Amino acid sequence: MTDNARAALEHLRDASQFQWYVIPLLLLVLYVYAVEAERRNWNVLFAGLALWGMDWFNEIGNALVFHFSGRAPVWGARGHTAYQILIGLNIEICFMFAVMGVVAAKFLPPRGTRLLGLPNRPVLVAVNSAAAVGVEVLLHRAGVLTWDWSWWRAGVPYLIFLIGYAPFFVACFAVHDMPRVRTKVITVGAIFGVDALALVLFGALGWL
């Protein structure tokens with residue numbers, strides 16, 4: 001086991017690390033979604049939930065990599081946190097991803113708008129994913145986001161881009177553009193349903 005993995009495990013689901021700032025952060029996240037619900041802006045609301053659900057899927061997979069390798073997760077979250085949920089996910093990161101999809105969706109232009117002569121959705125998936133990778137590199141350099149595998153690092157950012165973020169924004173924009181609210185609900189429900197099933201099953205097995 002790497003030192004980074006061991007450091008992340010030290011506070012895994014340790015309630016004694018709780019800090020009161022979690023409560024106002026939670027209320028801010030709820031406020032973001034309440035505003036979209038009040039405006040009946042279902043495109044943005046469900047787009048935000050879709051991205052958040054995709055992150056949970058990745059975080060569960062990351063925890064499983066650590067469990068089966070016994071060495072390290074693909075990425076680890078270490079350092080001070082109010083609550084460490086999974087080895088690569090703390091409460092602060094969780095709240096960040098809860099809002100990220102809403103922000104990305106609110107910046108979406110109409111589907112017919114072209115950027116650099118190209119359809120805007122693929123361009124914005126690439127731009128948002130690249131920006132997110134850039135932030136991860138900075139967090140890694142700060143020592144709060146750790147990478148212990150040679151194929152997941154700043155010098156080889158392709159997998160971080162393709163696996164770590166592009167699917168998030170693809171799902172976010174796809175749900176945003178779905179013509180019917182019912183379809184959005186079913187899609188987001190399916191994403192979170194898989195997440196919930198995995199958390200219950202793998203959690204019961206002690207793999208998370």
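Just so we're clear, the structure is a prediction, and the values are computed from it rather than from any experiment.
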State the [atom1]-[atom2] distance between [X] and [Y], to the nearest 0.5 angstrom.
| X | Y | atom1 | atom2 | value |
| --- | --- | --- | --- | --- |
| R6 | R78 | CZ | CZ | 10.5 Å |
| F95 | L26 | CZ | CG | 4.5 Å |
| R180 | I186 | CZ | CD1 | 8.0 Å |
| I91 | F18 | CD1 | CZ | 9.5 Å |
| L28 | Y21 | CG | OH | 13.5 Å |
| L89 | L208 | CG | CG | 11.0 Å |

Hey, does the side chain of [X] reach the backbone of [Y] with a donor-acceptor pair shorter than 3.5 angstrom?
| X | Y | value |
| --- | --- | --- |
| H140 | L145 | yes |
| N128 | L124 | yes |
| Y33 | F46 | no |
| K106 | V44 | no |
| R13 | I85 | yes |
| T113 | P110 | yes |
| K184 | W42 | no |
| R40 | A37 | no |

- Task: Test side-chain contact (heavy atoms from CB on, under 4.5 Å) on V74 and D148 and set out the steps.
- Result: CA-CA 7 Å; V74 182; D148 287 314; over 6 Å; no
Does any part of the side chain of [Y], heavy atoms only, come nearer than 4.5 Å to the side chain of [X], both counted from C-beta?
| X | Y | value |
| --- | --- | --- |
| V65 | P73 | no |
| L108 | R121 | yes |
| T187 | F192 | no |
| E10 | Q84 | no |

- Item | Atom CH2 of W20 with >12 non-hydrogen neighbours under 6.0 angstrom |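 No, because the 6.0 Å sphere around CH2 of W20 holds 12 heavy atoms or fewer from other groups.
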- Task: Step through the shown structure and confirm whether more than 12 heavy atoms of other residues, nucleotides or ligands are within 6.0 Å of OH on Y31.
- Result: no
Where do [X] and [Y] come nearest, in terms of heavy atoms and distance?
| X | Y | value |
| --- | --- | --- |
| A8 | A77 | CB-O, 3.4 Å |
| W152 | W147 | O-CB, 3.3 Å |
| S69 | A72 | OG-O, 3.3 Å |
| A50 | V175 | CB-CG2, 3.7 Å |
| A47 | C172 | CB-O, 3.3 Å |

- Message: Run the side-chain contact (heavy atoms from CB on, under 4.5 Å) test on D55 and Y165 for me, step by step, so that the C-alpha distance in whole Å, both residues' side-chain angles and the decisive distance to 0.1 Å come before the verdict.
- Response: CA-CA 9 Å; D55 177 62; Y165 285 102; over 6 Å; no
I'd like to know if the side chain of [X] pairs up with that of [Y] as donor and acceptor (distance under 3.5 Å, no hydrogens or angles considered).
| X | Y | answer |
| --- | --- | --- |
| T81 | E92 | yes |
| N4 | T2 | no |
| Q19 | Y83 | no |

Hydrophobic cluster membership, [X] vs [Y], 4.5 Å side-chain cutoff:
| X | Y | value |
| --- | --- | --- |
| I160 | I163 | yes |
| L64 | V194 | no |
| L118 | L115 | yes |
| F107 | V32 | yes |
| V35 | L25 | no |

- Cation-pi check, R71 onto W149 ring (under 6.0 Å, within 45° of axis):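 Yes, a cation-pi geometry holds between R71 and W149.
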- Task: Show the numbers, then the answer: is there a side-chain contact (heavy atoms from CB on, under 4.5 Å) between F168 and S129?
- Result: CA-CA 9 Å; F168 294 8; S129 299; over 6 Å; no
- Query: In the hydrophobic clustering that connects Ile, Leu, Val, Met, Phe, Trp and Tyr at side-chain heavy-atom distances below 4.5 Å, which members other than M1 occupy its cluster, ordered by chain and number?
  - Reply: L9, L12, F66, I87
- Item | Geometric class of the F173/F169 ring pair [parallel <30°, tilted 30-60°, perpendicular >60°] |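 F169 vs F173 ring planes: tilted.
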- Can you check whether Y158 and F161 have ring centres sitting under 6.0 Å from each other? no
- Are the aromatic rings of F68 and W207 close, with centres under 6.0 Å apart? yes
- Test side-chain contact (heavy atoms from CB on, under 4.5 Å) applied to V156 and W151, step by step: CA-CA 7 Å; V156 189; W151 38 266; 6.0 Å; no
